[in-house]
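Model, not experiment: these values are computed from the prediction. Atoms considered below: every heavy atom in the structure, side chains included; atoms not considered: hydrogens, waters and symmetry mates. We count ligands from 1, going down the list as the structure has it; atoms in each ligand are counted the same way.
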Amino acid sequence: MTALNPDFAEEMMKYGEDTALACFNCGTCSAICPLLHDHFPRKLIRYIQIGAKDRILENAAELWKCLHCGLCTQTCPREANPGEIILSLKRMAVENWRKS
Ligand code: SF4
Ligand code: SF4
């Protein structure tokens with residue numbers, strides 16, 4: 001079972017992330033993403049919103065699939081900047097690997 005961390009969205013700010021809470025989960029980013037992979041990147045933003053840090057860390061390798069093409073950021077109606085969120089998640093994952 002995934003443990004939820006209610007402070008996760010706030011914790012992510014130290015990695016540069018400050019737009020995830022603007023996302024209203026419309027799915028436009030997942031529809032335009034060339035990876036066409038399992039609701040990527042929308043699900044990652046939702047995981048931040050609900051505090052599912054463990055779920056992201058369990059599947060952290062998929063963060064490195066991102067091409068940083070910018071299409072998600074260009075099309076997001078809420079300026080949630082998914083590409084930058086993925087960079088912040090990478091920083092968070094690397095720091096967790098270093099500690100483990
Ligand atoms: S396009 Fe923007 S608002 Fe829509 S799901 Fe993606 S990040 Fe959220
Ligand atoms: S920046 Fe990454 S998540 Fe966004 S559309 Fe491109 S490959 Fe997909």
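Residues Y47 and L35 fall within the same hydrophobic cluster, defined by Ile, Leu, Val, Met, Phe, Trp and Tyr side chains chained together at heavy-atom separations under 4.5 Å. Cluster annotation: W97 and I86 are assigned to the same hydrophobic cluster (Ile/Leu/Val/Met/Phe/Trp/Tyr, side-chain heavy-atom contacts under 4.5 Å, transitive). Clustering ILVMFWY residues whenever any of their side-chain heavy atoms sit less than 4.5 angstrom apart, transitively, puts L89 in the very cluster that holds V94.
Counting only heavy atoms from C-beta outward, the side chains of T19 and E84 never approach each other to under 4.5 Å.
Rounding to the nearest 0.5 angstrom, the gap separating the CD atom in E17 from the CD1 atom in I45 is 8.0 Å. Rounding to the nearest 0.5 Å gives a distance of 15.5 Å between NZ of K90 and OH of Y15. From Q74, atom CD reaches atom CG of N81 across 11.0 Å, with rounding to the nearest 0.5 Å.
For ligand 1, the atoms lying closer than 4.0 Å to a non-hydrogen atom of F24 are 3 (S). If you number the atoms of ligand 2 from 1 as listed, the ones under 4.0 Å from a heavy atom of G70 come out as 1 (S), 6 (Fe). Residue-ligand proximity, P77 to ligand 1, at heavy-atom distances under 4.0 Å covers atoms 1 (S). Residue contact check: R42 has heavy atoms under 4.0 Å from atoms 5 (S) of ligand 1. Listed by number with element, the atoms of ligand 2 under 4.0 angstrom from any heavy atom of H68 are 1 (S), 2 (Fe). Per-residue contacts place A80 under 4.0 angstrom from the following atoms of ligand 1 (heavy atoms of the residue considered): 7 (S).
With hydrogens left out, the protein atom closest to atom 8 (Fe) of ligand 1 is C23 SG, 2.3 Å, a heavy atom. Protein heavy atom closest to atom 4 (Fe) of ligand 1, with residue, atom name and distance, is C26 SG, 2.3 Å. In this structure, atom 7 (S) of ligand 1 lies nearest to the protein heavy atom I45 CD1, 3.4 Å. Scanning all protein heavy atoms for the shortest distance to atom 2 (Fe) of ligand 1 gives C76 SG, 2.3 Å.
Residue M92 is tested with L57, L87, I48 for a side chain to side chain contact (heavy atoms under 4.5 Å, CB included); the sole match is L57. Checked against C23 for a side chain to side chain contact (heavy atoms under 4.5 Å, CB included), the options Q49, R46, E79 give a single hit: Q49.
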*CA sep, side-chain torsions, deciding dist, call: C66, F40, side chain to side chain contact (heavy atoms under 4.5 Å, CB included)*: CA-CA 9 Å; C66 176; F40 191 95; 4.1 Å; yes
*asked:* Does E95 form a salt bridge (Lys or Arg N to Asp or Glu O under 4.0 Å) with K99? I'd like the steps, not just the answer.
replied: CA-CA 6 Å; E95 186 170 301; K99 287 179 184 169; 3.3 Å; yes
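Within the 4.0 Å heavy-atom criterion, neither part of T75 lies near ligand 1.
Listed by chain and number, the protein atoms of type N/O/S under 2.8 Å from atom 8 (Fe) of ligand 2 are C33 SG; waters are omitted.
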